[in-house]
There are 2 protein chains.
Amino acid sequence: MRVLVEVAVFTVRDRRLDVLLARGPGAAWLLPAGSVENGEPVDIAAAAAVRDVAGVRGITMEQLFTFDRPPDAVCVAHLALIDAGRHPLSPGPDVADVRWFPHDDLPTLADGQDAALGYGLSRLRAKTAYAPVAVNLLPELFTLGEMQAVYEVLLGRELDSRNFRRDVLAAGVVEESGEVRAEGRGRPARLYRSAGGHFAVDARERRVARQISSGDDPPA
Amino acid sequence: MRVLVEVAVFTVRDRRLDVLLARGPGAAWLLPAGSVENGEPVDIAAAAAVRDVAGVRGITMEQLFTFDRPPDAVCVAHLALIDAGRHPLSPGPDVADVRWFPHDDLPTLADGQDAALGYGLSRLRAKTAYAPVAVNLLPELFTLGEMQAVYEVLLGRELDSRNFRRDVLAAGVVEESGEVRAEGRGRPARLYRSAGGHFAVDARERRVARQISSGDDPPA
DNA sequence: GCAAAAGTGTTCTTTGTACACCCATGG
DNA sequence: CCATGGGTGTACAAAGAACACTTTTGC
């Protein structure tokens with residue numbers, strides 16, 4: 001049997017949640033994908049697929065699910081989150097075109113890829129509940145306003161900035177860099193960086209976070 | 001590459017959480033496992049493995065994770081929950097012995113199976129938080145006391161029976177059968193059956209349950 | 001009649017949610 | 001000087017956790 005990999009790569013740009021798609025010459029749009037060579041670790045193969053298709057390296061990934069790909073393959077789907085600003089796209093050799101699409105306005109994908117992408121999206125939203133996913137979608141230094149905006153895009157609703165700031169700071173997932181950034185008009189914002197650790201945006205979530213020091217994430 | 005399947009099968013018996021293991025003649029203890037034939041759906045192969053090894057059929061399973069199995073295979077691990085009372089074990093042709101082991105007192109397993117089993121256990125406990133997993137571990141009719149005992153074993157702590165009963169009934173995951181069972185001394189208990197739907201044992205959990213009508217479970 | 005398990009409500013504490021104003025800068 | 005986004009604390013509402021006694025049966 002053949003073992004394939006594919007990766008649902010998400011980013012947040014311009015207050016939109018985008019998905020990375022590529023296509024070969026004359027072909028349909030696809031998630032970055034590849035196959036696993038004999039003996040190669042699956043996660044390495046998935047990272048290689050993203051590198052070869054889009055020229056993006058060094059991103060962290062999480063395994064999602066293994067789908068059947070009749071007639072003779074299985075496909076291990078992965079989820080990746082990146083800051084598009086730090087990872088410019090460069091199409092690989094067999095790729096005619098690679099670009100970001102708004103997650104709610106996608107071209108038609110190959111059979112089965114819808115499932116992987118949909119599952120990736122729901123897992124991403126679920127993770128919002130107990131992991132500081134936003135830091136994976138932001139530059140090294142970011143303002144709390146930017147971080148809040150990412151969560152608002154992921155959750156599809158507005159958050160109260162006072163509660164948001166209180167909770168993020170209390171959770172200790174970010175630390176002040178000491179720097180400040182003035183961006184156009186308005187008071188300059190403090191810049192933070194990730195400090196590791198778990199975090200949950202609201203209610204149902206914070207509680208879970210507390211008890212899930214390790215638990216729901218895939219092993220190894 | 002070869003694609004293998006293995007299944008961590010759990011049950012609760014006698015206030016203990018047990019795991020199903022099998023061994024071939026003279027060989028080590030293993031999780032029920034098999035390989036995926038060309039074109040066969042992975043979940044079917046996993047069900048077949050449990051049937052062939054232990055003679056148990058018709059159980060529901062959930063995919064957990066796909067592990068590397070160097071040098072030339074991957075293994076798709078699954079989680080299954082059954083009521084041991086309704087599924088007597090009968091060793092398959094290549095199996096010398098198959099039996100239940102307490103989850104915290106296991107023999108040495110083959111490399112990699114520890115990971116699958118450990119992940120299965122943590123997923124099982126995590127699911128306690130938002131799914132009525134106990135009904136998969138109980139007979140068709142059961143008392144609330146038995147159900148509570150299952151949760152206590154899974155969570156490793158005692159629950160308050162008044163809160164437990166209130167919450168289970170309010171969640172609507174069980175319905176009265178109208179029957180009653182007297183078991184030795186003590187007041188006879190009402191018998192319930194599963195009514196579908198989600199349920200959470202406590203706090204952190206109930207809230208999550210409410211918002212996860214669909215979300216965290218694998219697709220398809 | 002007593003030991004053993006089933007069944008039933010209320011109070012208090014913790015957590016979440018809603019909310020309004022002053023501050024620093026650019027134009 | 002005003003428009004824009006950043007930054008701060010409190011009061012109310014909801015949910016969770018803790019808790020004791022009565023009922024029904026077998027022995």
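For clarity, every value in this text was computed on a predicted model and none was experimentally measured.
- Pairing each heavy atom of B:Leu89 with each of B:Trp100, the nearest pair is CD1-NE1, 3.6 Å.
- Contact annotation: B:Arg190 side-chain N/O to C:dA5 OP1/OP2 distance is not under 4.0 Å.
- Of the listed nucleotides (D:dT8, C:dA6, C:dT17), C:dT17 has the atom at the smallest distance from the side chain of A:Asn163.
- Checked against D:dG7, C:dT17, C:dA6, the side chain of A:Arg165 finds its nearest nucleotide in D:dG7.
- Distance, A:Glu158 CD to C:dA18 P: 12 Å, rounded to whole Å.
- For the OP1/OP2 pair of D:dT8 and a distance below 4.0 Å, the side-chain nitrogens and oxygens of A:Arg166 include no atom meeting the criterion.
- One interatomic measurement links the two molecules: CG of B:Asp167 to P of D:dA15, which rounds to 12 Å at whole-angstrom precision.
- Look at CZ on A:Phe164: it is 12 Å from P on D:dG6, rounded to the nearest Å.
- For the pair B:Glu179 (side chain) and B:Arg190 (backbone), a donor-acceptor distance under 3.5 Å is absent.
- Using a 4.0 Å heavy-atom distance criterion, B:Ala182 is classed as making no nucleic acid contact.
- For B:Gln148 and C:dG7, the CD to P distance is 11 Å, given to the nearest whole Å.
- To the nearest angstrom, P of D:dG5 lies 17 Å from CG of A:Leu191.
- Summarising the geometry of A:Val150 relative to A:Ala134, their closest heavy-atom pair is CG1-CB, 3.7 Å, with the distance given to 0.1 Å.
- Although no hydrogens or angles enter the test, the distance criterion places a donor-acceptor pair under 3.5 Å between the side chain of A:Glu152 and the main chain of A:Leu159.
- Rounded to an integer number of Å, the gap from B:Met147 CE to C:dA6 P is 15 Å.
- The cationic group of A:Arg99 lies under 6.0 Å from the six-membered ring centre of A:Phe101 and within 45° of the ring axis, placing it in a cation-pi geometry.
- The side chain of B:Arg162 lies closest to C:dG9, out of D:dT10, C:dG9, D:dT25.
- Rounded to an integer number of Å, the gap from CG of B:Leu169 to C1' of C:dG9 is 14 Å.
- Rounded to whole Å, atom C1' of D:dG7 lies 13 Å from atom CG of A:Asp160.
- B:Asp83 and B:Pro139 get closest at one heavy-atom pair: OD2-CA, 3.5 Å.
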Give each protein N/O atom lying under 3.5 Å from an N/O atom of nucleotides 1-4 of chain D, with the pair distance.
residue : atom : partner  : partner atom : Å
D:dT4   : O2   : A:Gly186 : N            : 3.1

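- Listed by chain and residue number, A:Thr66 satisfy the side-chain hydrogen bond (donor to acceptor under 3.5 Å, both in side chains) test with B:Thr66 (two or more places apart in sequence, or in another chain).
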